[in-house]
Novice: 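Have a look at the structure that comes next, please.
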Amino acid sequence: MTGTINLNEQLKHYFGFDSFKGEQEAIIRNLLAGNDTFVLMPTGGGKSLCYQLPSLIMDGTAIVVSPLIALMKNQVDVINGLSEESGVAHYLNSSLNKAAINQVRNDIYAGRTKLLYVAPESLNKEDNLEFFRSFKISFYAVDEAHCISEWGHDFRPEYRNIRPTIQKIGNAPVIALTATATDKVRMDIKKSLGIADAQEFRSSFNRPNLYYEVRQKTNDIDRQIIKFVKQHSGKSGIVYCISRKKVEDLAAVLKANDIKAAPYHAGLDSATRSQTQDDFLMERIDVIVATIAFGMGIDKPDVRFVIHYDIPKSLEGYYQETGRAGRDGGEGICLAFYSYKDLQKLEKFMEGKPVAEQDIGRQLLQETAAYAESSVCRRKLLLHYFGEEYTKDNCGNCDNCLHPKVKRDGKEALLIVLRSLLAVKEGFRQDYVIDFIKGRATDDIVSHHHDQLEEFGAGEDMPPKTWSPVIRQGMIAGYIHKDIESYGLLKVTAAGKRYVRNPQPFTYVEDTDFTDNADEETDDHGAAALDPTLYSMLQDLRRKMARKLSLPGYVIFQDISLEQMATMYPVSIEELRNIQGVGQGKAKRYGKEFCELIRQYCSDNEIERPEEMFVRTVAKDSMKKIKIIHYLDRRMPLDDIASALNLEFSDLLDDLDAIVYSGTKVNIDYFLEDVMDDDQIDDIYEYFRESDTDSIKAALEELGDDYEENEIRLVRIKFMSEQAN
Ligand code: ADP
Ligand code: MG
């Protein structure tokens, strides 16, 4: 029958499109012929049509398994919008009431419904089996099929039951579709769905219009993002963060800096979410700050940038998320921020999970880290990850290609790697092999007696950073194969064995060094350079004022505030308030002279102030802060406040410190008087007045015999509040 159908006519008739995209037609013909079909097509490639059109043509109803209830409704509306009759498409999931379910049944039995979208839970539900058996099924479509695999970026256990359920319902052709699949995921999908012989249609995953860049994540990341967004003002973009809290915080910061932004995550109610989604589509909002809950099925063709605030958990996820940029073929900037610290944090999060899951999670993370640190063409790395070879030397559209690093001779190093792999019988993972090459006699290596081998430590004289990039680039060059089926064991390919016998020139590029040491000590202030001359002038001024007011310097401004001033050059009270540790009160009380000094200094030295870079910060945890102040106003005892807010007492003191150090006055006298004598309070108070540091540690050394840490902290709060604010 397929030969006789004019598919172009049907396409035009139902969808109004003039021609098929990519391999759509071949895919559809394969399915129409009754064959199992496997479709790998990047996001935006047009996968839905591959099952929608055949369902309209074929007898019976197609069952479409799809993971997201929200998307189902959307797709069903689209299909029904194409047709004059109603009920051509329906969905079945836990959100439907009885009447709606009856409507679905009636339409199916009447032969009106060609497409039935079901959530995997609904498909697998025992109660529904009878119903699914009672009508003719044209085929099964499994959308977002990577959800089947634990190695994908969105594993959903219910997807694993699809085949057993089909077995119970009755056979029909299966079409599986996904936008991301490594070899491992592809195998998993075929195995789990029982479609080993399915014909595979695989489009290239290359997205030439996407520009990939990875930057070191530093403490001034917010400022970098604000600057980037302002440089692309009026364009649509998405910023992905890992936690909901970060999403909220960053969206607030962007908004405070006059960017039309909104947060989006699964913790928001669905009305808010769909409003945000709408606002984004209608361009009332430029930037969505989101967890990965946002984006699946978002069909906005002109998203111009996708920023990863945190390193993604897998390269599949990264590819999928960046894939939402530039769907129309126009500009699409993909910027990811990477830090080793983040990586460790993510690994830590996994610790509670089952061991097998941790293992998978770690390997996926390692791949992402390797991608981030590599100096090889990002496009080449990504495509290699998805089993595709990218042959051009320079893609011209990623950071590594635009700023190529010098290539190094890696012939010797590659030989060492290959010989080592053979020596340990190709039975180990990269970490093990690198330890072996470096000559590190770990417990694991000793227990395998591999420290006895001649090749053990063959690379100990070379820089330790050699091995990871050489192995990775050896894989890309086809000498080494990572066997994912056996959990990432490194094997030597036939080409690799030939190389050992007959070595060829081999060059590689070193990884980028992303060690975080640079910003370890500089907490929270920008990476922009501190002006040492100005800094010492500010210190002088502070000293002068301190003497005049007979107060310790830190009461006026803390060091960190001076450092920031010497970096950001604030010249008005308004701007000064953006400096860490400077609240309204402080800015007004002490700020004028500092601003004048800075203004004078800037004009004397013709300094261009980074004005547009002035990031307005927003108070973190502002709800908690408001509550605490509210309770204080009601003179609630501090221990009661702590328990009301579910805090340890010392946590509450931390919060109070944060409040007074950011310039807000609080009055805790009513509590102090209850728990301490006036003499004691005065004693500690005087200590702080005389001391040249506000450090609690120093205070304890001086007063520790007489006072508890908490007492000292309480009085310091009173002192800072009265003297500094
Ligand atoms: P995917 O699921 O692969 O990410 P979709 O199925 O959502 O992609 O399709 C992406 C966009 O491409 C949709 O707006 C769809 O209408 C459009 N599209 C699909 N096929 C064609 C075609 N043959 N001609 C024109 N537009 C198409
Ligand atoms: Mg889709």
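Indexing begins at 1, ligand by ligand and atom by atom, following the structure's order. Sequential numbering from 1 along the given sequence is applied to the chain's residues.
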Novice: Is T178 close to E144 at the side-chain level, that is, under 4.5 Å between some pair of heavy atoms?
Specialist: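 The answer is no; the side chains never approach within 4.5 Å.
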Novice: Please examine the side chains of S192 and Y159, heavy atoms only from C-beta on, and report whether any two atoms are closer than 4.5 Å.
Specialist: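 Answer no - side chains too far apart.
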Novice: Out of S19, G46, G45, who gets a non-hydrogen atom closest to atom 23 (N) of ligand 1?
Specialist: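 That would be S19.
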Novice: Please find out if less than 6.0 Å separates the ring center of F386 from that of F205.
Specialist: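 They qualify: ring centres under 6.0 Å apart.
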Novice: Ignoring hydrogens, just give me the one of F15, Y51, F17, F20 whose non-hydrogen atom is nearest atom 16 (O) of ligand 1.
Specialist: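 Checking each option, the heavy atom nearest atom 16 (O) of ligand 1 is found in F17.
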Novice: Please tell me whether F305 and F228 form a close aromatic pair, meaning their ring centres lie under 6.0 Å apart.
Specialist: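 Between F305 and F228, the centre distance is under 6.0 Å.
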Novice: Assert yes or no for the condition that the ring centre distance of Y385 to Y371 is strictly below 6.0 Å.
Specialist: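 Here the rings of Y371 and Y385 have centres that are no less than 6.0 Å from each other.
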Novice: Does the side chain to side chain donor-acceptor pair (under 3.5 Å) test come out yes or no for S66 and D143, once each step is laid out?
Specialist: CA-CA 5 Å; S66 167; D143 207 356; 5.1 Å; no
Novice: How far is atom 13 (C) of ligand 1 from the closest protein heavy atom, and which atom is that?
Specialist: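 The closest one turns out to be D299 OD2, 3.4 Å.
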Novice: What residue and heavy atom of the protein are closest to atom 6 (O) of ligand 1, and at what distance?
Specialist: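 Among all protein heavy atoms, the one nearest atom 6 (O) of ligand 1 is S48 OG, 2.6 Å.
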Novice: Considering heavy atoms of the protein only, find what lies nearest to atom 4 (O) of ligand 1 and give residue, atom and distance to 0.1 Å.
Specialist: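 Looking only at protein heavy atoms, the one closest to atom 4 (O) of ligand 1 is G44 N, 2.7 Å.
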Novice: Identify the protein heavy atom lying closest to atom 3 (O) of ligand 1, giving its residue, its atom name and the separation to 0.1 Å.
Specialist: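 Nearest protein contact, heavy atoms only, for atom 3 (O) of ligand 1 is K47 NZ, 2.7 Å.
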Novice: Checking a contact table here: which protein heavy atom is nearest atom 12 (O) of ligand 1, and how many Å away?
Specialist: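 For atom 12 (O) of ligand 1, the nearest protein heavy atom comes out as K21 NZ, 3.2 Å.
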Novice: Under 4.0 Å, heavy-atom basis, I'd like to know which part of Q24 is in contact with ligand 1: side chain, backbone, both or neither.
Specialist: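 Answer for Q24: side chain.
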